[in-house]
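Worksheet: one structure, shown below.
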Protein chains: 2
Amino acid sequence: MKKRLTLKLIAKELDVSVSTVSKALRDSAEISEDTRQKIKAFAKLYNYKPNIIALSLKNRKTKTIGVIIPEIVHHFFTTVISGIEQAANEKGYHVIICTSNNSFDKEVINMEILANGSIDGFILSVAKETQQKKDYHHLTEVIEQGMPLVMFDRVIDEINCDKIIIDDFLGAKKAIQHLIDKKCKKIGLITTIDYVSVGKLRTQGYREALKENNIPADEDLILKVEDFDKSEMEIQSFLKDKKMDAVFAVNEHFAIYAIKAFQEQGLKVPDDVQVIGFTDGELSKRFIPSLTTVNQHGEEMGAQAARLLIKKLENEDAEDEPFETIIIETGLVERNSTKR
Amino acid sequence: MKKRLTLKLIAKELDVSVSTVSKALRDSAEISEDTRQKIKAFAKLYNYKPNIIALSLKNRKTKTIGVIIPEIVHHFFTTVISGIEQAANEKGYHVIICTSNNSFDKEVINMEILANGSIDGFILSVAKETQQKKDYHHLTEVIEQGMPLVMFDRVIDEINCDKIIIDDFLGAKKAIQHLIDKKCKKIGLITTIDYVSVGKLRTQGYREALKENNIPADEDLILKVEDFDKSEMEIQSFLKDKKMDAVFAVNEHFAIYAIKAFQEQGLKVPDDVQVIGFTDGELSKRFIPSLTTVNQHGEEMGAQAARLLIKKLENEDAEDEPFETIIIETGLVERNSTKR
DNA sequence: TTGTAAGCGTTATCAA
DNA sequence: TTGATAACGCTTACAA
């Protein structure tokens, strides 16, 4: 194994001092044109690249961002990462990604390790377990240490930091309004139990839209799925004999189970019933009929998170600036599960 | 911003030398029980954590693995990463993920940056553009530098390094055999043009299976999709009036377009035509009918890649050990697009 | 114009 | 049992 070229090696080879080499390579005016050229030529020839670790140690900054997400095998998070990466790379930052697998312990450990010098700041979406446990000591610790933290999507209200969220409430409202505009009168809702914050907000949006249109909310038309694994059955029996003309589901999967159930009942989507989902994934695009959904703009979310973090990182006075909460607007993507 | 606790700070606080602190914390026998306790208690109280960057510089190893993939918004790669992460974490390694976005330039740049000290070794699946360009200087450079490299899935035959591939040939063969076992006689193939190595191998598997069963290959039943964006149209017109009883598609999307086209012709899947795809993604699972596919075992692939890399990293004599190529076996996942 | 030395946070070696 | 020192690779104030 050839060992990597260092300033020291170059210095020895060219019989000058290390600092001369360093300065020459950084185009310092202190160094004579002559030696500068000589050194640069040599460095180029042997393909010298400064050691990033040494620079990090020296500068006390790593120019890398740590991202912790609940799971990577998930289209939405994956788009967020993609956005983070792009925005970060533009500013010369790198990205380290760790997954918590929705485990509190793994989240804590990952944060601790990354916080020990590997990164300059965090972008984080908390694990389900953390939400349930309500133990946030690892988050406060990192913040107290002075390391900037941006939370996205699954954020914790009690934690004081920058946040990027999507407008679940408005997104749901838009979806319902869309159905109402298409003359739907009996609109069902398939949502999650309330402790999942996004489910809750989307349910509120549903109610609000009905209210604004003077349609009384019918509790019989609302299903709160208890168990994700049994959701297909729950949805199937829920949709029996309800005679709805539309359904809004808070995620892709529920929406697809709904369509399936309708089809089994001999109903046609969108002719007999219209369906809207939430989260615009591969599934929504390719399913037949393709799904009209509320798009969460994951990439933009990621890009905004990265930009916000980098702003804090590079702005010395950022310390006392107040924390921001950026709300990403959702958009309705019309496809074939609703009428044109 | 509170500054992080360092050995130096502890030393000053406790009025001992830095080296004493270092040794005490690492339970060196050199240090008296007394001071050791005192120092450890203090460190614990103030939550001392060694700076990883300093350790990396000192040890000349970072305990982190760099992963470069063509795209992250892609279910298969995402499962591979998941596998890499798990296996790496088990051995105390971290993972940095960069995407090349299928761009040659970005691949080169990412590799250069990571190679400058941030990581101990690479796990890589090359960008499409790199495959086309056949410019591999960045790969050979890294290898010459003595940095271990493991390629997976999209590998380059000409590069001498460890490789993890899936058995595309055998996977395709299995799929076709499965169809033949179900009494299919006219089996179509929807594949890519030949320069995509996996498409080529899967096509070969198709031919081989037919041959072994003494079924002559009919070139009219083979479609090589030229343009991914227009694949839906191409597939639709290809499937007109061919009277096949089965189709094997080299990816999920082609398979779904095929089903769609059949349905539009009034044919039922799987009753009239059976369909098998490749790559087991979300889409295959949820589509109606759910897709029978060849599973690529992405997680296992990732885990094997990580383990192989770490083996090289930790084994001093690994230098002269020959490079390995590990072949991950595919498995057929039976669902509703083929008959039971 | 060039070089020396200190420092970033550690650990290992050797001396006290 | 403890501490001083050098080293990892780099930058920079200061000295020559």
Side-chain angles (χ1 to χ4, degrees), chain A residues 1-40 42-43 46-64 113 115-120 145-146, chain B residues 1-40 42-43 46-64 113 115-120 145-146:
Chain A
M1 139 129 126
K2 278 198 297 195
K3 63 168 166 288
R4 284 180 61 84
L5 196 54
T6 65
L7 292 187
K8 206 191 206 177
L9 254 21
I10 301 182
K12 195 161 78 180
E13 212 57 45
L14 263 37
D15 208 33
V16 290
S17 80
V18 174
S19 59
T20 304
V21 178
S22 172
K23 287 172 188 162
L25 291 178
R26 332 190 79 235
D27 279 320
S28 159
E30 286 181 23
I31 306 299
S32 72
E33 186 60 26
D34 236 36
T35 32
R36 205 192 316 165
Q37 289 311 329
K38 190 177 63 178
I39 290 172
K40 292 186 85 166
F42 186 92
Y46 291 103
N47 193 26
Y48 168 77
K49 296 273 164 50
N51 179 314
I52 289 193
I53 292 288
L55 284 177
S56 298
L57 184 58
K58 177 83 189 146
N59 301 331
R60 274 104 135 307
K61 53 178 76 154
T62 61
K63 287 280 230 170
T64 110
I113 299 177
N116 294 331
S118 306
I119 61 165
D120 297 340
Q145 212 188 96
Chain B
M1 137 127 129
K2 279 196 301 193
K3 63 169 168 290
R4 283 180 61 85
L5 196 53
T6 64
L7 292 187
K8 206 190 206 177
L9 254 23
I10 300 181
K12 196 160 75 182
E13 212 56 45
L14 262 37
D15 207 34
V16 290
S17 78
V18 175
S19 52
T20 304
V21 177
S22 171
K23 286 171 189 162
L25 291 178
R26 332 192 79 234
D27 280 322
S28 159
E30 287 181 20
I31 306 298
S32 73
E33 186 58 26
D34 235 37
T35 31
R36 206 194 312 168
Q37 289 311 329
K38 189 178 62 180
I39 292 173
K40 292 187 83 166
F42 185 92
Y46 291 103
N47 194 24
Y48 168 78
K49 295 273 165 54
N51 179 314
I52 291 192
I53 294 288
L55 284 177
S56 296
L57 182 59
K58 178 82 188 146
N59 301 330
R60 275 104 139 284
K61 54 179 74 157
T62 61
K63 288 279 229 171
T64 108
I113 299 176
N116 293 332
S118 305
I119 61 165
D120 297 340
Q145 214 186 93

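A note on names: the letters A, B, ... follow the listed sequences, proteins ahead of strands, and every chain is numbered from 1.
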Item to check | Flag, side chain of Thr62(B) to backbone of Ser118(B), donor-acceptor distance under 3.5 Å | outcome: yes

Checklist entry - Less than 3.5 Å between a donor and an acceptor, one on the side chain of Ser17(B) and one on the base of dA4(D), is that the case here? => result no

Next on the checklist: Of the listed nucleotides (dG9(D), dG9(C), dT12(D)), which one gets closest to any side-chain atom of Ala54(B)?
Outcome noted: dG9(C)

Next on the checklist: If you assign Glu30(B) and Pro50(B) each to the DNA chain C nucleotide with the nearest heavy atom, which residue ends up on the more 5' nucleotide?
Outcome noted: Pro50(B)

Item to check | Pair of N/O donor and acceptor under 3.5 Å linking dG7(C) base with Lys58(A) side chain | outcome: yes

Checklist entry - Roughly, in whole Å, what's the span from CG in Leu9(B) to P in dG7(C)? => result 14 Å

Checklist entry - Taking atom P of dT11(C) as reference, at what distance in whole Å does atom CD1 of Ile10(B) sit? => result 11 Å

Checklist entry - Does Arg26(A) put a side-chain nitrogen or oxygen below 4.0 Å from OP1 or OP2 of dT11(D)? => result yes

Next on the checklist: Distance criterion of 3.5 Å, no angle test: do you see the side chain of Ser19(A) paired donor-to-acceptor with the base of dT4(C)?
Outcome noted: yes

Checklist entry - If you look at every strand shown and take non-hydrogen atoms under 4.0 Å, does Thr6(A) touch a base, only sugar-phosphate, or nothing? => result sugar-phosphate

Checklist entry - Nearest of dC10(D), dT11(C), dG3(C) to any side-chain atom of Leu7(A)? => result dC10(D)

Next on the checklist: Any base atoms under 4.0 Å from Val18(A), or only sugar-phosphate, or nothing? Heavy atoms, all strands.
Outcome noted: base

Item to check | Result of checking Leu7(A), Leu25(A), Ile10(A), Ile31(A) against Thr20(A) for side-chain contact (heavy atoms from CB on, under 4.5 Å) | outcome: Ile31(A)

Next on the checklist: Strictly below 4.0 Å: does Tyr48(A) bring a side-chain N or O up to OP1 or OP2 of dG9(D)?
Outcome noted: no

Checklist entry - Is the shortest side-chain N/O distance from Thr20(B) to OP1 or OP2 of dG3(D) below 4.0 Å? => result yes

Item to check | Check: Asn59(A) side chain, Lys61(A) main-chain N or O, donor-acceptor pair, under 3.5 Å | outcome: no

Item to check | Separation of atom CG in Leu5(B) from atom P in dG9(C), rounded to whole Å | outcome: 11 Å

Checklist entry - To the nearest angstrom, how far is Ile52(A) atom CD1 from dT11(D) atom C1'? => result 16 Å

Item to check | Lys23(A) backbone acceptor or donor facing Arg36(A) side chain under 3.5 Å | outcome: no

Item to check | Ser22(B) side-chain N/O to dT10(C) phosphate OP1/OP2 under 4.0 Å | outcome: no

Next on the checklist: Heavy atoms only, 4.0 Å cut-off, all strands: where does Thr35(B) land among base, sugar-phosphate and nothing?
Outcome noted: sugar-phosphate

Checklist entry - dG3(C) P sits how many Å from Ile31(A) CD1, rounded? => result 8 Å

Checklist entry - Looking across every strand, which nucleic acid part, if any, lies under 4.0 Å from Lys8(A) by heavy atom: base, sugar-phosphate, or nothing? => result sugar-phosphate

Checklist entry - Whole Å only: how far is the NZ atom of Lys23(A) from the C1' atom of dT1(C)? => result 9 Å

Item to check | Short side-chain N/O contact to dT1(C) OP1/OP2 from Arg36(A), under 4.0 Å | outcome: no

Checklist entry - What is the distance, rounded to the nearest whole Å, between atom CZ of Arg60(B) and atom C1' of dT11(C)? => result 13 Å

Next on the checklist: Applying a 4.0 Å non-hydrogen cut-off, can you work out what Ser32(A) is touching in the nucleic acid: base, sugar-phosphate, or nothing?
Outcome noted: sugar-phosphate

Checklist entry - Given atom CD1 of Ile39(A) and atom C1' of dT2(C), what is their separation to the nearest angstrom? => result 10 Å

Checklist entry - Should we say atom NZ of Lys12(A) is surrounded by more than 12 heavy atoms from elsewhere, each under 6.0 Å from it? => result no

Checklist entry - Touch check for Leu55(A), heavy atoms < 4.0 angstrom, all strands: base, sugar-phosphate only, or nothing? => result sugar-phosphate

Checklist entry - Counting distance only, does the side-chain N/O of Arg4(A) pair as donor-acceptor with the main-chain N or O of Asn116(B) below 3.5 Å? => result no

